[in-house]
Structures are given as structure tokens and as C-alpha cells.
Amino acid sequence: MTQRETWTTRLGFILAAVGSAVGLGNIWGFPFQAGRNGGAAFLLVYLVVVLLVGLPAMLIEFVVGRRSKKNPVDAFRELGYGSWTFAGALTAFIAFWILSFYSVVGGWVIRYLVGSLTGAYFGGTEVGNYFLSIAMGPDAVAFHALFMLLSVGIVALGVSDGIERATKLMVPSVVVLLVGIAVWAATLSNAGAGYDFYLSPDLGEVQWGTVIPYAVGQAFFTLSLGMGAMITYASYLGEDDSLPADGGIIAVLNTLVGVLAGLVVFPVLFHYDPNIDLSGAGGSGTAFTTLSSAFAGLGSGGRVLASVFFFVLLIAALSSSISLLEVVTSYVLDNTDYERSSVSVGAGSAVFLFGLPAALGLNWLGLQDASGIDTLTWYNDIAYNLLLPLSVLAVAVFVGWVYGRDALDEIRRGSETGNWFSVTWLWFVRLVVPAGILFTLVLGVQTLLVNAQVLAGPVFEFG
Ligand code: PFF
């Protein structure tokens, strides 16, 4: 077995973890969710959820990773609780699963970047048709392959030479470029209407029963929890950093990028159409079509704006996908003598193959409409609504109720926060985190059933 790698610096770890957290979920997903669910009111709920559920849950994964110094599958045995290996195996399985469709969407992003540079969808053609023409079929497969290839290229170089070096460049670029285009977007006419929609709290709009579980699910996804990524990254920690401090920085930066993305998206959309109806936006394809129509409406300036936007989206997506690929890679590396480069190529190819049905729009499980888009939704649904909360729950129960004392030890190591902090944290892990997860699970299962019914029915309109 080869020597386990470590991060070179504390900043390296933090930026890699921020890179994992900041991704399609923040830039593509978050603004639309916030916009649709009561604007600033959603933001407020989301912030509270991140603080009370997301951050404690992230520290759970840090504890397991740093203490065991193993990939998620072997971590529990290493800690002396082999019977909990199923929890780690579940996280790794979800990482593999989610990456397979994350990469298909990543492929769309590359395609849109190219389309923005060349102006392919700026010529008055129906932007919705453009999306359909690239979302499935040979094109989608090719760009899915390219996205995986880029991810493999970084992971193959290693923890410090690949992931750490790449994310040190990527994360600051995402922030700087987003700030830049947010400032530009502020100069567009009607930008104010966009801010209004996004930021004015509309408590009347908030349906608490769905928004809270939704915010919990979003918080897990965007903080990269439940998929072993944070366990894996924390397993490369050599020094005794303060886990709570690092976790806090990561959560804050991650939230800021989500908020910032909205400050780009909404001024652009409301400039394009002051009466735009966003109630259906945010599905697998609608974010692309709505936004690209607005970019196209801006003419040549829109081309620059769109190119920068999709470039940001691409590097954010890549810095996330590498953390998912690293979960699978680290498992194989910890258990075999193969070289990292061959392992990452092997893992990347497997993910590529698993994602093929989604990229091809094949009728997977017989549960989709004729457009094929919903193979992707269905993939997403099971992983996101069911498996993800279950895996966070399993690891939380383990750390809270089984590993308790040792977990306290580990969270205190390198941290200057007092005992009150670690004890409070443990009780959050025992009670608040599971309660939040149960909420999302109920809603998630409901969504799954409704979608399964809709998809199995004869008519289903995409969008
Ligand atoms: N956090 C990423 C996003 O918001 O797009 C997605 C993600 C990456 C989830 C890595 C989980 C993970 F392990």
C-alpha cells in the first residue's frame, strides 16, 4: 500500500473543501430555490439551517475523517466499529451515483460555455430547442466524457499536487469573477426588480412545511455532506487544525457564493423581462434555458457575460466533482497497490459509464417521459431525496450515540473553543441533526412518490 498523502497547508485543506462545497448547487440551484421560496425569507431559513444542522453535520464528517485517516468505507472499521461500515459504504456509493449525473450536467456547462463564446444560441433560434439539442444524445455523451476527463486529470495528480493546487486557483477565481459580473449586472436597467424578487423577505410566501426540509436538503448537498467527500478530505489532514474554525470558514464562504450567484442571476433575468415568471424555473433544464434567453437578449455584451458566467459555473462544478471522484479513488488506493493515476482513470471511466443512460436520455427503469430529460430527474430524486438523508443520518447516529466520547476528544483536538462548544455540538448531533433529517426524509419520500406517479403516467410536460 502506498503512503497516504496529506494537504500541504491548512489553507489548502480549507480551499479544497470550499471548492467541493461551492458548485452547481450554489450557483445553479440556490438562487432559483431562494427566488421561488420567498426570497430573503428563504435565505434566512437557510442560514439558520446551515448553522444549526449543516455545520454540526459537517463537523461529524471531519471527526470521522481526521480520526480514522481512511476513506469513508474503511473509516468505521479503523475506529473500531466494523459493523458501521455500511454507513461509509453508503456514502461512497452515493458519491459514485451523484457524480455520474453531476458530470452530465457539467458537460452541459462546458457546452454552454462553448455556445456562449461562439454565440451559438444567440442567433434568434429558440433557446429551449438549443437546450434540448445538447442535453441528450451524442453531444451530451461527448461533453460528459470531457467533463470526467478534466476531473480525472486533476485527481490523477494527487492530493497536494492535483486537488490542492487546482482548488487554490479555482476558488479565488470563482469569487473574483462572480463579484465582477455581479457588479456588471448591477448596472443593467431593472436590476432593482431582480434584487427585490431575490432579497425582499416575503414571509407570506414561505410554506414552512416544505421550505424547512428543502433548506435542510439543500444545506447537505451544498456543504457536500452525506457523500463521503468531507470524510475523505479530512482524512488527509496531517496537523491538528481547529475543526470548528475550519468548518465555520467553509460554511460561510459557501453561503456567500450562493448569495453572490443570485446577485448575478436575478438582475440579468429581470433586465431581460421585468415581468418574468420564475415559478417553474430551477428544474434540470429550465435554469439553463431561462438564463441563456436572458443572456442572448443582451446582445454582444451578453456573450461576454454568459461566457464568464458559464466559465465560473464550470470551475465550480469541477472543483466539486474532483471531491466526489476522490472518494472512490481513495477507497481503491487504501486497499490496493495500484497507482493513483490508473485508479482515477478506472474510477472516472466507471462513473462515465454509469452516467451514460442519463446522457443518452435512455428510458431507465421505464420511468420517464418521452423527452428523456427525466432519466436525470429520476437519478437525482432517489439519490437526493432518499439515500442522501439516510447516509447523513447513519453517520450522525454513529458519531452522536456510539462514538460520543471519542468524538468529543477529536473535535477538541487543535481547537480553542471551550468544552461548552463540543458538548453543545454533541447534543446537536444527537438530536437536532437527526430531527432535521427526518423532516427532509418525509418530504423526500413524498416527492419521490409523486414524481414516480407523474413519470409513470402517460402525459408529463418537461419543465
Ligand atoms: N456541494 C456541491 C454543490 O453544491 O454543487 C455538490 C457536491 C459535491 C455534493 C461533492 C457532495 C459532494 F461530495
Side-chain angles (χ1 to χ4, degrees), residues 15-34 46 49-50 54-55 57-58 60-62 64-65 71-73 88 90-106 108-109 147-148 151 154-155 163 166-167 170-171 174 178 214-236 247 250-251 253-262 282 284 287 312-331 347 351 379-380 383-385 387-392 395:
L15 288 182
V18 172
S20 171
V22 169
L24 295 171
N26 305 59
I27 301 176
W28 185 46
F30 178 78
F32 285 96
Q33 276 199 8
Y46 173 77
V49 165
V50 165
L55 190 54
M58 183 154 58
I60 296 173
E61 297 207 4
F62 284 177
V64 172
N71 68 84
V73 183
L90 183 61
T91 66
F93 176 71
I94 305 174
F96 183 86
W97 183 319
I98 296 246
L99 181 55
S100 74
F101 73 77
Y102 203 81
S103 167
V104 175
V105 179
W108 295 351
V109 175
F147 185 83
M148 271 324 291
S151 310
I154 298 171
V155 170
I163 300 175
T167 47
M170 289 162 129
V171 172
V174 165
L178 262 185
Y214 222 56
V216 176
Q218 169 74 14
F220 288 157
F221 186 77
T222 183
L223 289 171
S224 296
L225 301 176
M227 303 182 213
M230 292 304 183
I231 297 182
T232 308
Y233 274 10
S235 78
Y236 299 129
I250 295 161
L253 279 174
N254 181 56
T255 306
L256 281 181
V257 172
V259 173
L260 203 54
S284 10
V312 167
L313 201 54
L314 173 62
I315 45 180
L318 267 178
S319 66
S320 297
S321 68
I322 53 178
S323 69
L324 289 166
L325 188 59
E326 182 60 22
V327 172
V328 184
T329 304
S330 73
Y331 169 63
V351 170
Y379 260 35
N380 200 352
Y384 186 84
N385 291 323
L387 299 183
L388 181 61
L390 280 179
S391 92
V392 186
V395 182

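If you're wondering where the values come from, they're calculated on a predicted model, not measured in any experiment. Counting convention: from 1, in listed order, for ligands and their atoms alike. Residue numbers start at 1 and run along the sequence shown.
Closest to atom 9 (C) of ligand 1, if we only count protein heavy atoms, is F221 O, 3.4 Å. For atom 4 (O) of ligand 1, the closest non-hydrogen atom of the protein is A21 O, 3.1 Å. S224 OG, 3.6 Å is the protein heavy atom nearest to atom 7 (C) of ligand 1.
Results of the side chain to side chain donor-acceptor pair (under 3.5 Å) test with S323 over S151, S224, S20 single out S20 as the only residue that passes.
Closest non-hydrogen pair, A57 versus V392, comes out as CB-CG1, 4.4 Å. Of all heavy-atom pairs between A219 and V49, the closest is CB-CG1, 4.0 Å.
Checked against a 3.5 angstrom limit, the closest N/O atoms of G25 and ligand 1 fall inside it. Below 3.5 Å of separation, one finds an N or O of T222 facing an N or O of ligand 1. The shortest N or O to N or O distance between M227 and ligand 1 is not below 3.5 Å.
Summarising the geometry, atom CG belonging to N26 is positioned 4.5 Å from atom CG belonging to N254; distances are rounded to the nearest 0.5 Å. Rounded to the nearest 0.5 angstrom, I250 CD1 and T255 OG1 are separated by 11.5 Å.
F93 is listed as a side-chain neighbour of L387, based on a closest heavy-atom distance under 4.5 Å. Between P72 and T232 there is a side-chain heavy-atom pair separated by less than 4.5 Å.
The residue among A229, A316, G258 with a heavy atom at the shortest distance from atom 13 (F) of ligand 1 is A229. Of all the listed residues (F220, Y102, W28), Y102 holds the heavy atom that lies closest to atom 5 (O) of ligand 1.
Distances from ligand 1 to the non-hydrogen atoms of F30 include no value under 4.0 Å.
If you number the atoms of ligand 1 from 1 as listed, the ones under 4.0 Å from a heavy atom of S20 come out as 1 (N), 2 (C), 8 (C), 10 (C). For ligand 1, the atoms lying closer than 4.0 Å to a non-hydrogen atom of N26 are 4 (O).
Using cut-offs of 30° and 60° on the angle between ring planes, the pair Y102 and F221 is tilted.
Contacts between S323 and ligand 1, counted as non-hydrogen atom pairs separated by less than 4.0 Å, involve the side chain only. The proximity of L324 to ligand 1, defined as any non-hydrogen pair under 4.0 Å, is limited to the side chain.
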Full working for side-chain contact (heavy atoms from CB on, under 4.5 Å) between Y233 and I163: CA-CA 10 Å; Y233 274 10; I163 300 175; 3.3 Å; yes

